[in-house]
Undergrad: 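Below you'll find the structure I mean.
Values reported hereafter were calculated over all heavy atoms of this structure, with side chains retained and with hydrogens, waters and symmetry mates removed. Order of appearance sets the numbers: ligands from 1, and atoms from 1 within every ligand.
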Amino acid sequence: MFQDQLVSYSGVQPSGNLTIGNYLGAIRNFSSYSEKYKCFYCVVDSHAITVRQVPADLRRRTYETLALYMACGLDPEKNTLYVQSHVHEHTDLAWILNCFTMFGELSRMTQFKDKSAKHSDNINAGLFTYPVLMASDILLYQTDVVPVGIDQKQHVELCRDIANRFNQLYPDTFTVPEPIMAKSGAKIMSLAEPTKKMSKSDENANAVVYILDDKDTIIRKFKRAVTDSDTCVRYAEGKDGINNLMTVYNAFTGKTFDEIEREFEGKGYGDFKMAVGEACADALAPVQQRFKEFMADKAMLEAQMKKGAEEASYVARRTLSKVQKKLGFVQVR
Ligand code: TRP
């Protein structure tokens, strides 16, 4: 569909609370994807309402998510950035694919089990069929690769099963996508428990550094980071806290581990943590500045949303129409 270009598709929750783990591990590298792939990034507001949302917050976060991705370097001229509910083909296809997805398959999804335990007062049908909407997102764009974290891999596997099932009944309908782990980036661990991945939903506020944290907050969090009783800045087994801080420092400054060890020879952890905090805050400053500018210009963000939705609709409409034709729906135009 895109002159032999492969398609990459990713959905992004409208949370606005992205961490430096998201940034260093994935988002920062997304801008180079557009050299290799035709890339779609979708703010998935329809997915978000499977759990209760405060309307004003959802609205603000939808703008914020778009602004933040742009601030992190995603160029809307090179990528298609849009909002899920602006392209109604997603929910149209989701209904159809619901009829090709088994109750048993959805019951086995670990995220459904986790979320229904967490929101036991609201186990709605949308929460259950969440992966079908996600499959629709992906399949509408004839996607080749889906960059996801490990927690979404099961959903992409289900998407592949649905696509294969549909293709068996109606040949050559969907491209069957591959999940890819964005492993070009660094894996950043929690500052409080450095054996655990940094997670935006961690209850311990000191464990996580957000892209939008101000400089003082960033430095305070790094100052409190868990280290060890050794006093030497070096990368070694068992020194999870220091290893993690070295990984962060390396990712923000480009200095190798050897260089970092030499830089902090004979210095204490206090100096090192301070340097990591400074490097992080300095590197994020331009991202935060751009974010602020973009958020102050709602008209620009809305124009981008509109442009993205038009680009996305063009592709989505073609796939949906093909599916409807194959199923025997009458098309009058
Ligand atoms: N479920 C994904 C998450 O929670 C978001 C998502 C929705 C997505 N649709 C997608 C990711 C399509 C990749 C492709 O992170």
Undergrad: Output side-chain donor-acceptor pairs under 3.5 Å for residues 69-77, partner residues at least two apart or in another chain, one line each.
TA:
from: D75; atom 1: OD1; to: E77; atom 2: N; distance (Å): 2.7

Undergrad: Suppose we screen for side chain to side chain donor-acceptor pair (under 3.5 Å). Which residues come up paired with N22, at least two apart in sequence or across chains?
TA: T19
Undergrad: So, using ring pair (Phe, Tyr, Trp, His ring centres under 6.0 Å) as the criterion, who are the partners of F128 when residues are at least two apart?
TA: F103, F112
Undergrad: So that I can tick it off, tell me whether K298 and E302 are bridged by a salt bridge, with the cut-off set at under 4.0 angstrom between side-chain N and carboxylate O.
TA: no
Undergrad: Ligand 1: which protein N/O atoms lie under 3.5 Å from its N/O atoms?
TA:
from: ligand 1; atom 1: 1 (N); to: Y130; atom 2: OH; distance (Å): 2.7
from: ligand 1; atom 1: 1 (N); to: Q152; atom 2: OE1; distance (Å): 2.9
from: ligand 1; atom 1: 4 (O); to: Q13; atom 2: NE2; distance (Å): 3.2
from: ligand 1; atom 1: 4 (O); to: Y130; atom 2: OH; distance (Å): 3.1
from: ligand 1; atom 1: 4 (O); to: Q152; atom 2: NE2; distance (Å): 3.4
from: ligand 1; atom 1: 9 (N); to: D137; atom 2: OD2; distance (Å): 2.7

Undergrad: Please check if any side-chain donor atom of Q154 sits under 3.5 Å from a side-chain acceptor atom of Q111, or the reverse.
TA: no
Undergrad: Counting only N and O atoms by type, is there a donor-acceptor contact under 3.5 Å from the side chain of H90 to the main-chain atoms of S136?
TA: no
